[in-house]
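Notes to accompany the following structure.
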2 protein chains.
Amino acid sequence: MVTIKDVAKETGVSPSTVSRVIADNPRISPDTKQKVREAMERLGYHTNIHARNLVAKSTKAIGAIMPSSANKALQNPFFPEVLRGIGSVIHERQYSLTLSSGETEQEILEEVQRMVYGSYVDGLILLYSRVEDPVVAFLEERDFPYVMIGKPFARLEEITHVDNDNFMAGKQITNHLIARGHEKIAFIGGSKDLFVTRDRESGYLAALTDADLPHDEDYVIHTEFLKSGGKEAVEQLLSLPIRPTGIVVTDDLMSLGVLSTLEESGVQVPHDISLVSFNNAYLSEITKPALTTVDINIHELGAQSARALIERTIDNKIPPKRIIVPYTIIYRGSVKEQK
Amino acid sequence: MVTIKDVAKETGVSPSTVSRVIADNPRISPDTKQKVREAMERLGYHTNIHARNLVAKSTKAIGAIMPSSANKALQNPFFPEVLRGIGSVIHERQYSLTLSSGETEQEILEEVQRMVYGSYVDGLILLYSRVEDPVVAFLEERDFPYVMIGKPFARLEEITHVDNDNFMAGKQITNHLIARGHEKIAFIGGSKDLFVTRDRESGYLAALTDADLPHDEDYVIHTEFLKSGGKEAVEQLLSLPIRPTGIVVTDDLMSLGVLSTLEESGVQVPHDISLVSFNNAYLSEITKPALTTVDINIHELGAQSARALIERTIDNKIPPKRIIVPYTIIYRGSVKEQK
DNA sequence: ATCTCATATGAAAACGTTACAATAAAATAG
DNA sequence: CTATTTTATTGTAACGTTTTCATATGAGAT
């Protein structure tokens with residue numbers, strides 16, 4: 001292993017000078033810098049981060065905390081995509097990325113504690129958001145830098161987070177249905193405990209109100225993620241005396257389930273019922289009628305959170321902020337004019 | 001930050017003794033161990049990995065290298081799942097997991113070099129396999145511990161890798177179709193450059209041969225991952241003078257595309273054409289006819305590779321090995337008896 | 001009682017880096 | 001041409017561990 005001393009010896013300067021060259025300190029003459037850099041290149045020098053971290057406090061590493069795998073959400077293509085987003089800025093800034101590996105909530109907490117106490121990372125990105133999260137409590141108590149993707153459950157103004165404007169997205173996509181002549185519009189969302197669901201639902205309701213459409217409670221369904229839930233939801237809607245002509249579904253994967261159940265029941269999409277969805281996962285363009293869906297820009301959610309976190313690791317005193325990533329509506333084939 | 005010295009002072013022993021207690025050195029008396037452990041607990045001591053790594057050579061961290069994002073495969077739910085698998089053993093052994101963040105091949109190589117030279121990790125897991133991979137060349141040259149998920153392109157016997165028996169799986173799933181009376185069976189696979197495709201195809205062909213069925217070259221199609229490719233493949237098959245009655249598709253996501261194209265063309269699955277698939281991604285149970293598919297046990301692929309790697313980081317001289325993870329066929333509704 | 005040997009502990013060096021204080025050399029001012 | 005400031009460089013002390021070597025204590029063996 002070639003160290004700073006080897007480079008120093010090679011160039012005939014002191015180790016401290018080499019260290020300064022690495023840090024690009026202005027106090028070093030251009031000549032020396034040049035010379036040292038050549039030697040580093042020639043000998044194949046690479047900084048040993050452990051030595052560096054021991055003295056300088058920064059690790060130049062951040063951690064990403066995944067939700068516990070009890071949560072089926074993991075199957076969602078969301079994760080590889082956020083990780084890519086995070087990765088892109090991580091790479092650009094020459095940071096490195098550590099992933100949490102716990103499966104249960106308890107394990108995740110332990111993992112986080114190990115990362116924080118052992119000074120593995122400078123900051124953390126929480127890839128989920130839940131009620132009364134002990135991880136958040138711990139980080140707050142230690143005043144450790146972190147940002148959250150999605151909307152925090154409490155202390156909204158005190159936690160830096162990156163989110164979409166889910167209210168507006170929900171409103172706008174519902175408006176799309178309304179503009180196409182739909183008046184009986186249902187909503188199928190995930191758990192009510194999740195802010196994504198709540199915000200999108202509020203948007204949906206607002207659109208209805210703005211258009212002077214009544215909102216029927218039977219038209220709003222919350223279901224456990226997918227599969228059985230999605231099936232039940234659809235069956236419930238179809239058994240109603242007056243069937244909806246349009247449905248807003250809060251997740252593409254969910255839409256897939258809705259779509260298949262609808263077809264099983266002989267209901268044609270978009271002929272009989274129009275469907276709009278969220279996320280623009282890859283699969284949303286390969287379903288039978290391709291889905292009209294809200295592209296929430298997952299990659300950007302990741303990238304922005306990484307940027308915000310790095311900023312925060314440099315100065316944890318900057319005021320917390322909320323970053324809203326713009327969404328785009330992707331129009332495809334799941335919506336039809338309703339006469 | 002509470003250090004080993006603080007614990008030493010608190011208990012009235014020397015730092016070296018504390019260090020030995022941490023390492024559970026048998027030379028320390030049970031009494032002392034007890035006492036020191038209590039103090040560690042009380043003061044909230046946590047090992048600083050950077051200090052430890054500086055002297056002991058192990059980082060107790062491994063890296064996972066994702067494929068370049070040029071590769072659409074990233075959208076595949078495969079990744080969160082392998083990462084979970086890796087994570088489970090990582091956690092169990094108290095290791096930590098670093099993720100590569102490069103987007104292009106060049107970036108990935110740089111990333112790997114940084115990880116290796118900077119001694120960020122003890123070993124690497126390659127989550128992909130490609131021809132003439134500079135990353136592999138680099139790792140081989142440095143004799144750095146690594147394992148690969150999938151099948152290496154060269155030096156099969158020299159690289160520790162974790163894979164399924166894709167030949168047998170391909171054969172068995174094809175046999176399932178044959179047993180149900182199908183004789184005209186087509187195959188839709190990904191790029192011919194990928195070993196997964198090749199192996200599954202060989203299995204498919206072997207099944208045909210064993211059953212004395214002819215194999216028609218027109219029935220074998222290689223397509224770029226999905227979407228347009230999947231569509232074309234299906235159209236090609238349907239335009240044949242004699243249509244197949246069964247299709248083997250090498251990936252669930254691909255099957256989704258095949259399924260929708262088939263339906264668009266008015267072909268009913270499984271009534272007109274039966275479909276079998278691979279991977280058992282979550283979506284395979286929510287498609288219209290749920291897919292009969294090969295569960296390749298992605299989680300286990302990850303877990304096994306992590307285990308093999310950790311073993312290898314401890315002793316890089318152990319002979320390379322190949323680990324075959326068993327698959328299971330999940331029978332669902334996409335296959336029908338052919339009379 | 002002396003000697004050997006195991007057992008339990010401690011002192012100190014090392015790991016590769018950064019950062020502060022010190023110094024030497026060069027440039028500028030009076 | 002000395003005094004002062006500026007610029008470029010160096011020596012040294014940390015950072016928190018592990019590890020080798022040394023040492024003290026007590027138990028058996030002679």
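Naming: A, B, ... by sequence-line order, numbering from 1 per chain.
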Atom pair distance, as rounded to whole Å: CD1 in A/Ile28 and C1' in D/dT6
15 Å

From the list C/dG10, D/dT10, D/dT18, which nucleotide is the closest neighbour of the side chain of B/Ser14?
C/dG10

5' precedence on DNA chain C between B/Lys57 and B/Lys33 (nearest-nucleotide basis)
B/Lys33

Starting at CG of B/Asn25 and ending at P of C/dA8, how long is that distance when rounded to a whole Å?
10 Å

In whole angstroms, the gap separating P of C/dT17 from NE2 of A/His46 amounts to 12 Å

Is the phosphate of C/dT9, meaning OP1 or OP2, less than 4.0 Å from a side-chain N or O of B/Thr32?
yes

Could you state the CG-P distance from B/Leu54 to D/dA14, rounded to the nearest angstrom?
17 Å

Looking at B/Arg52, does any N or O in its side chain come under 4.0 Å of the phosphate oxygens OP1/OP2 on D/dT18?
yes

Tell me whether the OP1 or OP2 atom of D/dG16 has a side-chain N or O from B/Thr3 closer than 4.0 Å.
no

Decide if the gap between the ring center of B/Phe138 and the ring center of B/Tyr117 is smaller than 6.0 angstrom.
yes

With a 4.0 Å cutoff (strictly under), does any side-chain N or O of A/Thr17 reach OP1 or OP2 of D/dT10?
yes

In whole angstroms, how far is the P atom of C/dG10 from the NZ atom of B/Lys5?
15 Å

Rounding to a whole Å, what distance do you find between B/Lys9:NZ and D/dG16:C1'?
13 Å

Is there a side-chain polar atom (N or O) of B/Ser19 under 4.0 Å from OP1 or OP2 of D/dT18?
yes

Contact class for B/Gly12 vs. all strands (heavy atom < 4.0 Å): base, sugar-phosphate, or nothing?
sugar-phosphate

So, under a plain 3.5 Å distance rule, would you say the side chain of A/Arg20 forms a donor-acceptor pair with the base of D/dT10?
yes

Check this for me: B/Lys33, atom NZ, are more than 12 non-hydrogen atoms of other residues, nucleotides or ligands nearer than 6.0 Å?
yes

Spacing of B/Arg27 atom CZ relative to C/dC5 atom P, expressed in whole Å
15 Å

Take atom NZ of B/Lys35 as the centre, draw a 6.0 Å sphere, and report whether it contains more than 12 heavy atoms from other residues, nucleotides or ligands.
yes

Check every strand shown and say whether A/Ser16 touches a base, only sugar-phosphate, or nothing at a heavy-atom separation below 4.0 Å.
base

Please state how far atom CE in A/Met1 lies from atom C1' in C/dT17, giving the value in whole angstrom units.
13 Å

Examine C/dT17: is either OP1 or OP2 under 4.0 Å from a nitrogen or oxygen in the side chain of A/Tyr45? Give yes or no.
yes

Audit row: A/Ile108, A/Ile65, side-chain contact (heavy atoms from CB on, under 4.5 Å) steps and yes/no:
CA-CA 8 Å; A/Ile108 290 172; A/Ile65 311 299; 3.6 Å; yes

Residues 314-326 of chain A, side-chain donor-acceptor partners within the protein, below 3.5 Å, at least two apart:
residue: A/Asp315; atom: OD1; partner: A/Lys317; partner atom: N; Å: 2.8
residue: A/Asn316; atom: OD1; partner: A/Arg312; partner atom: NH1; Å: 3.1
residue: A/Asn316; atom: ND2; partner: A/Asp143; partner atom: O; Å: 3.0
residue: A/Lys317; atom: NZ; partner: A/Asp143; partner atom: OD2; Å: 3.0
residue: A/Lys321; atom: NZ; partner: A/Glu311; partner atom: OE2; Å: 3.1
residue: A/Arg322; atom: NE; partner: A/His161; partner atom: NE2; Å: 3.4

